[in-house]
Amino acid sequence: MKHSAIIWQTVLIVIYILFTGSCQGLFEASDDSEPLLTKPVATSSDGSIILSCNTDENYRWINIFRRKVPADGSDAGEFINIGQMIPKSGMPQNSYHFSDTYIAAGKNYEYYVRYAVSSDSGRMYKRTEAVSITAPASTAGELRLYSGSSELADTQVFVFNPENYTLTLEPAAGIFAGTSLSGTGTEFPVQLAVSNGKEVLLVPVATDKSSSTCTVDLRNVLTADYLDVPVSVSVLTAQIKSEPEDNYPFTVYRWALPVKVKIQKAQEDGSLSDIDSVTVPSSVASGSDADYNP
(Lines give C-alpha, C1' and ligand atoms only; values in the text may rest on other atoms or scores of the structure.)
Protein backbone atom coordinates (compact mmCIF):
# COMPACT_ATOMS: atom_id res chain seq x y z
CA MET A 1 0.00 0.00 0.00
CA LYS A 2 1.14 3.51 -0.67
CA HIS A 3 1.02 5.61 2.46
CA SER A 4 2.21 9.16 2.75
CA ALA A 5 4.91 10.01 5.26
CA ILE A 6 2.47 12.23 7.11
CA ILE A 7 0.06 9.35 7.63
CA TRP A 8 2.69 7.01 8.99
CA GLN A 9 4.00 9.69 11.31
CA THR A 10 0.45 10.20 12.55
CA VAL A 11 -0.23 6.53 13.07
CA LEU A 12 3.11 5.50 14.54
CA ILE A 13 3.15 8.14 17.25
CA VAL A 14 -0.07 6.72 18.65
CA ILE A 15 1.06 3.09 18.62
CA TYR A 16 1.84 3.55 22.31
CA ILE A 17 -1.80 4.45 22.95
CA LEU A 18 -2.73 0.79 23.31
CA PHE A 19 -4.59 -1.26 25.86
CA THR A 20 -4.32 -5.03 25.67
CA GLY A 21 -6.14 -7.66 27.66
CA SER A 22 -9.88 -8.11 27.32
CA CYS A 23 -10.28 -5.59 24.51
CA GLN A 24 -10.25 -2.73 26.97
CA GLY A 25 -11.10 0.51 25.18
CA LEU A 26 -8.94 3.55 24.93
CA PHE A 27 -11.22 5.65 27.12
CA GLU A 28 -12.56 3.00 29.46
CA ALA A 29 -11.71 2.77 33.15
CA SER A 30 -9.31 0.07 34.30
CA ASP A 31 -10.20 -3.21 35.95
CA ASP A 32 -10.90 -3.00 39.68
CA SER A 33 -8.71 -6.07 40.16
CA GLU A 34 -5.55 -4.16 39.26
CA PRO A 35 -3.13 -3.65 42.19
CA LEU A 36 -3.72 -0.28 43.88
CA LEU A 37 -0.73 1.99 44.48
CA THR A 38 -0.47 5.12 46.61
CA LYS A 39 -2.64 7.90 45.22
CA PRO A 40 -1.00 10.98 43.65
CA VAL A 41 -0.91 14.37 45.33
CA ALA A 42 -3.39 16.80 43.72
CA THR A 43 -3.03 20.59 43.92
CA SER A 44 -4.58 23.50 42.01
CA SER A 45 -2.46 26.24 40.49
CA ASP A 46 -2.94 28.90 37.78
CA GLY A 47 -6.21 27.47 36.49
CA SER A 48 -5.00 23.86 36.41
CA ILE A 49 -5.02 20.76 38.57
CA ILE A 50 -1.54 19.31 39.08
CA LEU A 51 -1.03 15.62 39.85
CA SER A 52 2.35 14.88 41.43
CA CYS A 53 3.52 11.28 41.67
CA ASN A 54 6.46 9.27 42.97
CA THR A 55 6.84 5.67 41.90
CA ASP A 56 9.34 2.83 41.79
CA GLU A 57 7.49 1.14 38.93
CA ASN A 58 9.46 0.42 35.75
CA TYR A 59 6.67 1.70 33.55
CA ARG A 60 6.53 2.07 29.77
CA TRP A 61 3.86 4.76 29.81
CA ILE A 62 1.32 6.35 32.13
CA ASN A 63 -2.38 7.11 31.64
CA ILE A 64 -4.41 9.63 33.62
CA PHE A 65 -8.07 8.88 34.33
CA ARG A 66 -10.58 11.48 35.55
CA ARG A 67 -14.26 11.83 36.38
CA LYS A 68 -16.36 14.78 37.51
CA VAL A 69 -18.17 14.33 40.81
CA PRO A 70 -21.63 15.99 40.98
CA ALA A 71 -22.12 18.36 43.91
CA ASP A 72 -25.53 16.84 44.69
CA GLY A 73 -24.01 13.46 45.48
CA SER A 74 -25.48 11.70 42.44
CA ASP A 75 -23.58 9.02 40.53
CA ALA A 76 -20.24 10.30 39.25
CA GLY A 77 -20.18 7.84 36.36
CA GLU A 78 -17.16 6.17 34.80
CA PHE A 79 -13.58 7.40 34.84
CA ILE A 80 -12.39 8.65 31.43
CA ASN A 81 -8.86 8.41 30.05
CA ILE A 82 -7.86 12.06 29.52
CA GLY A 83 -4.13 11.83 28.93
CA GLN A 84 -0.98 9.82 28.50
CA MET A 85 2.69 10.39 29.32
CA ILE A 86 5.48 8.51 27.53
CA PRO A 87 9.00 8.89 28.97
CA LYS A 88 11.64 10.06 26.55
CA SER A 89 13.81 7.25 25.13
CA GLY A 90 11.86 4.78 27.22
CA MET A 91 13.47 5.95 30.46
CA PRO A 92 10.86 6.27 33.22
CA GLN A 93 11.17 9.00 35.82
CA ASN A 94 10.61 8.22 39.51
CA SER A 95 9.02 11.64 40.08
CA TYR A 96 6.76 13.43 37.63
CA HIS A 97 3.70 15.62 37.37
CA PHE A 98 0.73 15.97 35.02
CA SER A 99 -1.02 19.29 34.52
CA ASP A 100 -4.73 19.03 33.72
CA THR A 101 -5.53 22.35 32.08
CA TYR A 102 -8.90 21.51 30.53
CA ILE A 103 -11.21 21.50 33.56
CA ALA A 104 -14.43 23.27 34.54
CA ALA A 105 -14.15 26.03 37.14
CA GLY A 106 -15.15 25.11 40.68
CA LYS A 107 -16.13 21.52 39.86
CA ASN A 108 -15.13 18.49 41.90
CA TYR A 109 -12.95 15.87 40.23
CA GLU A 110 -11.44 12.48 41.02
CA TYR A 111 -8.27 11.17 39.40
CA TYR A 112 -6.16 8.06 39.33
CA VAL A 113 -2.96 7.18 37.48
CA ARG A 114 -2.38 3.92 35.64
CA TYR A 115 1.04 2.46 34.77
CA ALA A 116 1.80 0.08 31.90
CA VAL A 117 4.65 -2.02 33.30
CA SER A 118 6.66 -4.98 32.07
CA SER A 119 6.82 -8.27 33.94
CA ASP A 120 8.03 -11.83 33.40
CA SER A 121 4.57 -12.74 32.13
CA GLY A 122 4.40 -9.79 29.74
CA ARG A 123 2.75 -6.38 29.96
CA MET A 124 0.53 -5.65 32.94
CA TYR A 125 -1.09 -2.60 34.50
CA LYS A 126 -1.03 -1.08 37.96
CA ARG A 127 -3.18 1.83 39.09
CA THR A 128 -3.18 4.19 42.00
CA GLU A 129 -5.96 4.92 44.44
CA ALA A 130 -8.18 7.84 43.43
CA VAL A 131 -7.62 11.36 44.72
CA SER A 132 -10.28 14.09 44.96
CA ILE A 133 -9.89 17.84 44.40
CA THR A 134 -11.94 20.93 43.50
CA ALA A 135 -10.92 22.89 40.40
CA PRO A 136 -9.88 26.55 40.72
CA ALA A 137 -12.43 29.32 40.29
CA SER A 138 -10.96 30.35 36.93
CA THR A 139 -10.12 27.72 34.30
CA ALA A 140 -10.00 27.23 30.53
CA GLY A 141 -12.94 24.81 30.58
CA GLU A 142 -13.25 21.17 29.56
CA LEU A 143 -12.09 20.21 26.08
CA ARG A 144 -15.12 18.95 24.16
CA LEU A 145 -16.30 18.27 20.62
CA TYR A 146 -18.87 20.63 19.09
CA SER A 147 -20.95 20.79 15.93
CA GLY A 148 -22.63 24.04 14.93
CA SER A 149 -24.13 25.73 17.97
CA SER A 150 -24.15 22.76 20.35
CA GLU A 151 -21.99 20.11 21.93
CA LEU A 152 -21.62 16.99 19.79
CA ALA A 153 -23.96 14.39 21.25
CA ASP A 154 -23.67 10.64 21.73
CA THR A 155 -24.03 8.55 19.57
CA GLN A 156 -22.63 9.68 16.21
CA VAL A 157 -23.06 7.40 13.18
CA PHE A 158 -20.39 6.70 10.57
CA VAL A 159 -21.64 5.14 7.32
CA PHE A 160 -19.33 2.52 5.84
CA ASN A 161 -18.78 2.40 2.07
CA PRO A 162 -17.48 -1.08 1.15
CA GLU A 163 -16.44 0.08 -2.32
CA ASN A 164 -13.74 2.46 -1.12
CA TYR A 165 -13.44 1.45 2.57
CA THR A 166 -14.36 4.85 3.90
CA LEU A 167 -16.32 5.91 6.97
CA THR A 168 -18.36 9.10 6.52
CA LEU A 169 -20.06 11.21 9.15
CA GLU A 170 -22.34 14.10 8.18
CA PRO A 171 -22.93 16.44 11.12
CA ALA A 172 -25.00 19.52 10.33
CA ALA A 173 -22.14 21.97 10.70
CA GLY A 174 -18.91 20.02 10.87
CA ILE A 175 -16.97 19.18 14.02
CA PHE A 176 -14.49 21.20 16.01
CA ALA A 177 -12.85 20.78 19.40
CA GLY A 178 -12.64 23.54 21.97
CA THR A 179 -13.43 24.65 25.49
CA SER A 180 -16.54 26.56 24.39
CA LEU A 181 -18.78 27.01 21.35
CA SER A 182 -16.56 29.82 20.16
CA GLY A 183 -13.54 27.53 20.18
CA THR A 184 -10.14 28.38 21.61
CA GLY A 185 -8.37 29.78 18.57
CA THR A 186 -6.41 26.53 18.19
CA GLU A 187 -7.07 23.68 15.77
CA PHE A 188 -7.29 20.45 17.74
CA PRO A 189 -7.07 17.34 15.51
CA VAL A 190 -10.23 15.23 15.62
CA GLN A 191 -9.45 11.53 16.02
CA LEU A 192 -11.40 8.27 15.76
CA ALA A 193 -10.57 5.37 18.10
CA VAL A 194 -10.48 2.00 16.30
CA SER A 195 -9.82 -1.46 17.73
CA ASN A 196 -8.62 -4.75 16.26
CA GLY A 197 -9.87 -6.65 19.31
CA LYS A 198 -6.53 -6.46 21.12
CA GLU A 199 -5.32 -2.90 20.75
CA VAL A 200 -6.75 0.58 20.25
CA LEU A 201 -5.44 3.11 17.75
CA LEU A 202 -6.31 6.75 17.13
CA VAL A 203 -6.59 7.74 13.46
CA PRO A 204 -7.16 11.21 12.00
CA VAL A 205 -10.57 12.34 10.77
CA ALA A 206 -10.55 14.55 7.67
CA THR A 207 -13.13 17.34 7.91
CA ASP A 208 -14.47 19.06 4.79
CA LYS A 209 -15.77 22.38 6.11
CA SER A 210 -17.46 23.26 2.82
CA SER A 211 -19.67 20.16 2.84
CA SER A 212 -19.75 19.59 6.63
CA THR A 213 -18.67 15.98 6.21
CA CYS A 214 -16.02 14.02 8.10
CA THR A 215 -14.27 11.13 6.38
CA VAL A 216 -11.89 8.39 7.43
CA ASP A 217 -10.28 6.51 4.53
CA LEU A 218 -9.36 3.29 6.31
CA ARG A 219 -6.98 2.22 3.54
CA ASN A 220 -4.69 5.10 4.39
CA VAL A 221 -4.67 5.19 8.18
CA LEU A 222 -4.65 1.58 9.41
CA THR A 223 -1.39 -0.18 10.23
CA ALA A 224 -0.68 -3.81 9.37
CA ASP A 225 -2.15 -5.10 12.64
CA TYR A 226 -5.51 -3.59 11.66
CA LEU A 227 -5.71 -5.03 8.14
CA ASP A 228 -7.36 -8.34 7.24
CA VAL A 229 -9.07 -8.44 10.66
CA PRO A 230 -12.41 -7.07 11.92
CA VAL A 231 -12.02 -3.48 13.09
CA SER A 232 -14.54 -1.73 15.34
CA VAL A 233 -14.89 1.90 16.38
CA SER A 234 -15.64 3.30 19.82
CA VAL A 235 -15.33 7.08 20.20
CA LEU A 236 -14.44 10.39 18.62
CA THR A 237 -12.05 12.67 20.47
CA ALA A 238 -9.47 15.39 19.85
CA GLN A 239 -5.78 15.13 20.56
CA ILE A 240 -3.16 17.58 21.79
CA LYS A 241 0.48 16.51 21.81
CA SER A 242 3.34 18.11 23.73
CA GLU A 243 6.93 17.20 22.90
CA PRO A 244 9.58 16.41 25.57
CA GLU A 245 11.62 19.27 27.00
CA ASP A 246 15.01 19.24 28.71
CA ASN A 247 13.46 19.68 32.14
CA TYR A 248 10.41 17.52 31.39
CA PRO A 249 11.39 14.36 29.44
CA PHE A 250 7.90 13.17 28.50
CA THR A 251 5.78 13.14 25.38
CA VAL A 252 2.35 14.13 26.66
CA TYR A 253 -1.00 13.51 24.97
CA ARG A 254 -4.22 15.17 26.15
CA TRP A 255 -7.63 14.10 24.87
CA ALA A 256 -11.01 15.77 24.66
CA LEU A 257 -14.02 14.21 26.35
CA PRO A 258 -15.00 11.30 24.08
CA VAL A 259 -18.18 11.01 22.04
CA LYS A 260 -19.50 7.50 21.35
CA VAL A 261 -19.81 6.40 17.74
CA LYS A 262 -21.11 3.42 15.78
CA ILE A 263 -21.00 2.14 12.19
CA GLN A 264 -23.90 1.61 9.80
CA LYS A 265 -23.98 0.12 6.30
CA ALA A 266 -26.48 0.53 3.49
CA GLN A 267 -28.63 -2.51 2.74
CA GLU A 268 -30.09 -3.60 -0.62
CA ASP A 269 -33.36 -1.78 0.10
CA GLY A 270 -31.47 1.46 0.79
CA SER A 271 -31.95 1.39 4.55
CA LEU A 272 -29.09 1.64 7.00
CA SER A 273 -28.38 -0.98 9.65
CA ASP A 274 -25.81 -1.20 12.44
CA ILE A 275 -22.72 -3.35 11.94
CA ASP A 276 -20.21 -4.34 14.59
CA SER A 277 -17.04 -4.09 12.52
CA VAL A 278 -15.47 -3.73 9.09
CA THR A 279 -12.53 -5.55 7.52
CA VAL A 280 -10.04 -3.82 5.25
CA PRO A 281 -7.95 -6.25 3.13
CA SER A 282 -4.26 -5.50 2.86
CA SER A 283 -4.49 -5.98 -0.90
CA VAL A 284 -6.62 -2.89 -1.58
CA ALA A 285 -4.96 0.06 -3.23
CA SER A 286 -4.39 3.30 -1.35
CA GLY A 287 -7.13 5.90 -1.78
CA SER A 288 -6.63 9.25 -3.46
CA ASP A 289 -7.00 11.35 -0.28
CA ALA A 290 -3.69 10.14 1.16
CA ASP A 291 -2.38 13.37 2.60
CA TYR A 292 -4.31 13.63 5.86
CA ASN A 293 -2.89 16.16 8.26
CA PRO A 294 -3.24 15.40 11.98
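As a basis for the values below, the full set of heavy atoms in this structure was taken, side chains included, without hydrogen atoms, waters or symmetry mates.
- Between atom CG of residue Leu51 and atom CZ of residue Phe98 there is a gap of 7.5 Å, rounded to the nearest 0.5 Å.
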Give the intermediate values and the outcome of side-chain hydrogen bond (donor to acceptor under 3.5 Å, both in side chains) for residues Asn63 and Tyr125.
-> CA-CA 10 Å; Asn63 286 92; Tyr125 299 97; over 6 Å; no
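- Although no hydrogens or angles enter the test, the distance criterion places no donor-acceptor pair under 3.5 Å between the side chain of Ser147 and the main chain of Ile175.
- Val113 is not listed as a side-chain neighbour of Thr55, based on a closest heavy-atom distance of 4.5 Å or more.
- To the nearest 0.5 Å, atoms CD (Glu243) and NZ (Lys88) are separated by 10.0 Å.
- Within the 4.5 Å cutoff, the side chain of Val157 has no heavy atoms near those of the Thr155 side chain.
- When all heavy atoms are compared, the tightest approach of Ala130 to Arg127 is N-NH2, 4.1 Å.
- Contact record, Thr179 with Gly141: CG2-O, 3.5 Å, taken as the closest heavy-atom pair.
- Between Leu202 and Tyr253 there is no side-chain heavy-atom pair separated by less than 4.5 Å.
- Taking each heavy atom of Val233 and Ile263 in turn, the nearest pair found is CG2-CG1, 3.5 Å.
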For Tyr112 and Arg67, what are the C-alpha separation, side-chain angles and deciding distance, and is it a side chain to side chain contact (heavy atoms under 4.5 Å, CB included)?
-> CA-CA 9 Å; Tyr112 69 79; Arg67 68 179 178 182; over 6 Å; no
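- Ser48 and Asp100 share no donor-acceptor pair across their side chains, judged by distance under 3.5 Å alone.
- A single hydrophobic cluster is not seen to contain both Tyr102 and Ile50; linkage of ILVMFWY side chains at heavy-atom distances under 4.5 Å, directly or through other members, places them apart.
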Begin with the C-alpha distance, continue with both residues' side-chain angles, and end with the deciding distance and a verdict on side chain to side chain contact (heavy atoms under 4.5 Å, CB included) for Val205 and Leu169.
-> CA-CA 10 Å; Val205 177; Leu169 173 68; over 6 Å; no
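- Contact between Pro281 and Asp228 at its shortest, heavy atoms only, is CA-OD1, 3.1 Å.
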Quick one: do Phe158 and Leu192 satisfy side chain to side chain contact (heavy atoms under 4.5 Å, CB included)? Show the steps, please.
-> CA-CA 10 Å; Phe158 277 91; Leu192 176 68; 4.0 Å; yes
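- By the salt bridge (charged side-chain N to carboxylate O under 4.0 Å, His left out) test, Asp46 is found to be paired with no residue, residues two or more places apart in sequence or in another chain being considered.
- For the pair Leu218 and Leu167, the minimum side-chain heavy-atom distance is below 4.5 Å.
- Residue Ile49 holds its CD1 atom at 8.0 Å from CZ of Arg66, rounded to the nearest 0.5 Å.
- Interatomic distance, CG of Leu143 versus OG1 of Thr101, reported as 10.5 Å (0.5 Å rounding).
- Rounding to the nearest 0.5 Å places CD1 of Ile82 at 8.5 Å from CG of Leu257.
- Put simply, the side chain of Tyr111 does not reach to within 4.5 Å of the side chain of Thr128, judged on heavy atoms.
- The two residues Gly47 and Ile103 have their closest heavy-atom pair at O-CD1, 3.9 Å.
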Test side chain to side chain contact (heavy atoms under 4.5 Å, CB included) on Val159 and Glu170 and set out the steps.
-> CA-CA 9 Å; Val159 177; Glu170 297 184 357; over 6 Å; no
Expected list for residues 269-280: side-chain donor-acceptor pairs under 3.5 angstrom, two or more places apart:
{"unit_1": "Asp269", "atom_1": "OD1", "unit_2": "Ser271", "atom_2": "N", "d": "3.0"}
{"unit_1": "Asp269", "atom_1": "OD1", "unit_2": "Ser271", "atom_2": "OG", "d": "2.6"}
{"unit_1": "Asp269", "atom_1": "OD2", "unit_2": "Ser271", "atom_2": "OG", "d": "3.4"}
{"unit_1": "Ser273", "atom_1": "OG", "unit_2": "Gln267", "atom_2": "NE2", "d": "2.7"}
{"unit_1": "Asp274", "atom_1": "OD1", "unit_2": "Gln264", "atom_2": "NE2", "d": "2.8"}
{"unit_1": "Asp274", "atom_1": "OD2", "unit_2": "Lys262", "atom_2": "NZ", "d": "3.3"}

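- Relative orientation of the Tyr115 and Tyr59 rings is tilted, given thresholds of 30° and 60° on the angle between their planes.
- Residues Phe65 and Phe79 place their aromatic rings such that the two centres sit no closer than 6.0 Å.
- Ring geometry, Tyr248 versus Phe250: the interplanar angle falls from 30° to 60°, so the pair is classed tilted.
- Residue Gln84 holds its CD atom at 10.5 Å from CZ of Arg114, rounded to the nearest 0.5 Å.
- Counting heavy atoms from C-beta outward, Glu199 and Asp225 have side chains that approach closer than 4.5 Å.
- You'll find the side chain of Ser99 reaches within 4.5 Å of the side chain of Arg254, heavy atoms only.
- Linking ILVMFWY residues whenever their side-chain heavy atoms come closer than 4.5 Å, directly or via other members, places Val261 and Phe160 in the same cluster.
- Residues satisfying the side-chain contact (heavy atoms from CB on, under 4.5 Å) criterion with Thr166, sequence neighbours excluded, are Asn161, Asn164, Thr168, Thr215, Asp217.
- A 4.5 Å side-chain heavy-atom check between Tyr226 and Val203 finds every atom pair outside the cut-off.
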Could you go through the salt bridge (Lys or Arg N to Asp or Glu O under 4.0 Å) check for Lys68 and Glu142 one step at a time?
-> CA-CA 11 Å; Lys68 189 160 52 179; Glu142 294 177 334; 3.3 Å; yes
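- Counting all heavy atoms, side chain and backbone alike, Pro70 lies closest to Ala76 at CD-CA, 3.7 Å.
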